[in-house]
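Down below is the structure, laid out as structure tokens.
Note: hydrogens, waters and symmetry copies are ignored here, and every other heavy atom, side chains too, is used. One-based numbering, in listed order, for ligands and for the atoms of each.
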Amino acid sequence: MFNKLKIRGGVHAEERKAQSTGQPITTLGIPPFLYLPLRQHAGKPAEPVVSVGQSVKKGELLATSSGEDVCASLHAPTSGVVIAIGEVTAPHPSQLGTLAITLESDGLDTPLALSDTVDPMTLSPSEIADRVDQAGIVGLGGATFPAALKLKSGARQKIDTLILNGSECEPYLTCDDMLMRERAEGIISGARLIQRAIGAKRIVAGIEDNKPEAIAAMEEAATPYSDVLVQPIPTRYPMGSAKQLIQAIMGREVPAGGRSSDVGALVHNVATAYAVHQALYEHQPLISRVVTVSGQCIEQPQNVEVLLGTSISWMLEECGGLTEAPSRVVMGGPMMGQILHTTDVPITKGASGILALASPEISKTEASPCIRCGSCVAACPMGLVPLEMARHAKGDDFEGAREFGLRDCILCGSCAYVCPSHIPLVHYFQFAKGELSSQREQARKGELTKSLAEARKQRKEREEAEKAAAKAAKAAKAQAAKEAKERAKAEKARQQAAEAAQTSEESGS
Ligand code: SF4
Ligand code: SF4
């Protein structure tokens, strides 16, 4: 059924995973306050449907889409009172403000009463997608794209294979590994619902071969189903990228600029599948997630199940606190994660890990000139030429970088990882992508302004033509009235003359 595993590029990054897998997933308690940004997914921010002062129950809807926008709903992670809707610091290197709902928990954790006895596997594909939508589920592997949209578009395309992404290739991160070890049945259950929603013939769980416990647990959970296969894959970063996974498992190459669905595949993270199971079988929207807390500065590295909106500083304290001030705090993995300058920011749906790294864990070597060794080319999983892309991006020639394939760059950082000159290649690519995107946005706005101006001009011309036509009609009407009046006057004069002539004739006779 599947081609032999084929892998291009990638690197063997130092794993550093063992430190957080020594104990089971710990469920953290309820923090006093929860800060829930309205934008924590790809797309538009959700619109609040609650107001300040309102009491809410656990699982109650707090914010949702206001229309057809790409958006994921937000629910109360516990019961309490909405005490503010305003800006909080975003969990982002910029430290900019982001609109958020602040919930003060009441400590009671009172859930919404739900009574639905329908077997989710009897629901239609669109009903499954609707429930995933209502539960606010996004891709939990980092993409944070609303999962329901992927299900709906998958149902419209010919998808033969659902790939469950259990590769978790980023160093340090083990949240998916632990989830597979401990909750494999729930993951397979959610995956079967996704399979039903998109009409895929089979499910393949791709798991890196450095996770033998997870592979065993998933194989056991998949045993009852002949169309669910667990496929160990080589440990190689960035195996977790959808394109690499499809290439490795199916031998199919997603075309440049294309999507997974173009080659009949859809990829969902194992944690997303588990969230689908929780939403449909346990009636629990996405209100928590498993997060890896690791790095040399963490007292007790581990995986914790934490409510969305929990402050990272509160969470770190619950994990035993810090052993020393970290040199760097990262949300996500060290290769693709976001550097945080403060821990007073909340856990969001896409937060797979919080790493508090000590100085020896970070490369701080100064960059030196490119020696054209070609290591970055060999490491690039997308078959790009990073040194050339960087050369163009550095010279502000973003179009040149684009011609070298910038659009296909997945910002995985493999090239920078192997670069002996320590050139911050990914920074150049991020910057160039941002510039191209703002240029596209400018061009789009320019086009919009042009078409609005054209529409305005046409409207003015139409109004003027209508005015002129109305004026002409009025003038024609006045002229017709005038002519009628004159005709009536002439007729009257003619009649008077005739009468006068008749009178004169009668008096003469
Ligand atoms: S790996 Fe670094 S030094 Fe080598 S070619 Fe690429 S950019 Fe240049
Ligand atoms: S960051 Fe981009 S250019 Fe560098 S290895 Fe990854 S995909 Fe290739």
Problem - Location of contacts on Leu411 toward ligand 2, heavy atoms closer than 4.0 Å - result: backbone
Exercise for the section: For the pair Gln302 (side chain) and Gln300 (backbone), establish whether a donor and an acceptor sit closer than 3.5 Å, ignoring hydrogens and angles. Expected result: yes
Fill in the blank from the handout: For Gly374, the ligand 1 atoms with a heavy-atom partner under 4.0 Å come out as 4 (Fe), 5 (S)
Practice task
Could I get the full list of side-chain contact (heavy atoms from CB on, under 4.5 Å) partners for Arg407, not counting sequence neighbours?
Solution key: none
Practice task
Distance to 0.1 Å, residue and atom name: give those for the protein heavy atom nearest to atom 7 (S) of ligand 2.
Solution key: Ile410 N, 3.5 Å
Practice task
Please report how many protein N/O/S atoms lie under 2.8 Å from atom 2 (Fe) of ligand 1.
Solution key: 1
Problem - Which residue and heavy atom of the protein sit nearest atom 2 (Fe) of ligand 2, plus the separation - result: Cys409 SG, 2.4 Å
Exercise for the section: Looking only at protein heavy atoms, identify the closest one to atom 8 (Fe) of ligand 2 and say how far it is in Å. Expected result: Cys380 SG, 2.3 Å
Handout entry: Tyr417 ring center near Tyr237 ring center (under 6.0 Å)
Key = no
Exercise for the section: Looking only at protein heavy atoms, identify the closest one to atom 6 (Fe) of ligand 2 and say how far it is in Å. Expected result: Cys412 SG, 2.4 Å
Handout entry: For Arg181, all residues meeting side-chain hydrogen bond (donor to acceptor under 3.5 Å, both in side chains), sequence neighbours excluded
Key = Asp177
Problem - Partner residues of Lys150 under the side-chain contact (heavy atoms from CB on, under 4.5 Å) criterion, sequence neighbours left out - result: Leu266, His268
Problem - Flag for Glu305-Ser288: side-chain donor and acceptor within less than 3.5 Å - result: yes
Problem - Salt-bridge contact Arg202-Asp160 (side-chain N to carboxylate O under 4.0 Å) - result: yes
